[in-house]
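Each residue takes its place number in the sequence, starting with 1.
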Amino acid sequence: FFSTLSYTYDRRYTIYGSIRYDGSDLFGVDPKYKYLPIYSVSGAWNVKEEQFLEKAKWLSGLRVRGSYGVQGNIDKNTSPFIVGEYDKVSILPGSNETNIIVTSPPNDKLRWEKTSTFNAGLDLGVFNNAIQVTLDYYDRNSKDLIGLQDLSYENGFEFTNSNFARVNNKGLELSISTRNISTNKFNWSTDFNIAHNKSKVLSEKVRDNQYTASREGYPVSALFVLKTAGLDKNGLPLFVQKNGEAVSLETFYKLFDPW
């Protein structure tokens, strides 16, 4: 199912909308997770056509626009069904048996990954479009992102794929184009682009035996290091604990034999 609607009034105001109903067999175990409505709405105001700017001959164009929409994503590397691969195992001495190793436990609650995006922009042209400026701001929220989640051992599996992670991205994009010289024999134009994006992991679950830290509250590509306090007399690094105390490698990682 797909539908669009667009309407422009007096060359000044434009509205646009679209809706689509998508389905995927990858989430067909539970029918209510199989389909996802995807939609977007947007509007634009052609300010240059307003009467109060009729005498502004230097202004070639001025448009303000905004939009909001929801889209879905399918992680084709996951499945709601149990997934395994053939392997060989030695149960009795001198013989191998064929077995199946479960690589992905089942989860009938798997559903679409969803992203909602708000965008606001400005398009400006002056001096017969000799200078054109485009400015965009976006705020993008992604939820139900698929990742590994720990399970209680009584389930028979250590982990499963589930929808639990959330990420936010927001930023600005600026583009400036200029037509410096334009003749029959020579043309010179310049383009300038700059962008800034800030990402933040709003929700992430890490496994108890995972060696990397949770990125919750940090950027998606955050890097983590252990804080050190120089070297000891043997040339081994000293690590700083939460209380600020510098301790040896053995103490920090608790590498002592209790027996």
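- Sparse packing is recorded around OH of Y86, with 12 or fewer heavy atoms of other residues, nucleotides or ligands lying under 6.0 Å away.
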For this session: Mind running side-chain contact (heavy atoms from CB on, under 4.5 Å) on L110 and N163 for me, showing each step along the way?
Result: CA-CA 6 Å; L110 276 182; N163 303 82; 3.5 Å; yes
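- In this structure, K200 places its NZ atom where only 12 or fewer heavy-atom neighbours from other residues, nucleotides or ligands lie under 6.0 Å away.
- R140 forms a cation-pi arrangement with Y138, by the criterion of a distance under 6.0 Å to the ring centre and an angle within 45° of the ring axis.
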For this session: Start with the C-alpha gap between R12 and E50, add the side-chain angles, then the distance that decides, and say whether salt bridge (Lys or Arg N to Asp or Glu O under 4.0 Å) holds.
Result: CA-CA 7 Å; R12 290 182 293 172; E50 296 292 344; 3.0 Å; yes
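- L226 and L249 fall within a single hydrophobic cluster, where Ile, Leu, Val, Met, Phe, Trp and Tyr side chains are chained together by heavy-atom contacts under 4.5 Å.
- When side chains are defined from C-beta on, D144 does not count as touching W112, because their heavy atoms never get closer than 4.5 Å.
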For this session: Walk me through it: do D191 and I176 pass the test side-chain contact (heavy atoms from CB on, under 4.5 Å)?
Result: CA-CA 6 Å; D191 293 292; I176 302 176; over 6 Å; no
For this session: Apply the test salt bridge (Lys or Arg N to Asp or Glu O under 4.0 Å) to residues R65 and D136: give CA-CA distance (whole Å), side-chain angles for both, the deciding distance (0.1 Å), then the verdict.
Result: CA-CA 9 Å; R65 48 190 167 74; D136 279 284; 2.8 Å; yes
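- Crowding of F52 atom CZ: a count of heavy atoms from other residues, nucleotides or ligands under 6.0 Å exceeding 12.
- Put simply, the side chain of S90 never gets that close to the backbone of N96: no donor and acceptor are under 3.5 Å apart.
- No side-chain donor-acceptor contact under 3.5 Å links N234 to the backbone of L236.
- Taking a 6.0 Å sphere around CG of N184, one finds it holds 12 or fewer heavy atoms contributed by other residues, nucleotides or ligands.
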For this session: May I have the step-by-step check of side-chain contact (heavy atoms from CB on, under 4.5 Å) for L62 and L122, ending in yes or no?
Result: CA-CA 7 Å; L62 177 60; L122 174 72; 3.5 Å; yes
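- Classified by interplanar angle (parallel below 30°, tilted 30° to 60°, perpendicular above 60°), the ring pair Y68/Y39 is tilted.
- Contact annotation: the side chain of L59 never approaches that of F127 to less than 4.5 Å [non-hydrogen atoms, C-beta and beyond].
- In this structure, F239 and Y253 have perpendicular ring planes: the angle between them is above 60°, well past the 30° mark.
- The structure places CD of E113 at 8.0 Å from OG of S142, a figure rounded to the nearest 0.5 Å.
- In the displayed structure, K143 atom NZ is contacted under 6.0 Å by at most 12 heavy atoms of other residues, nucleotides or ligands.
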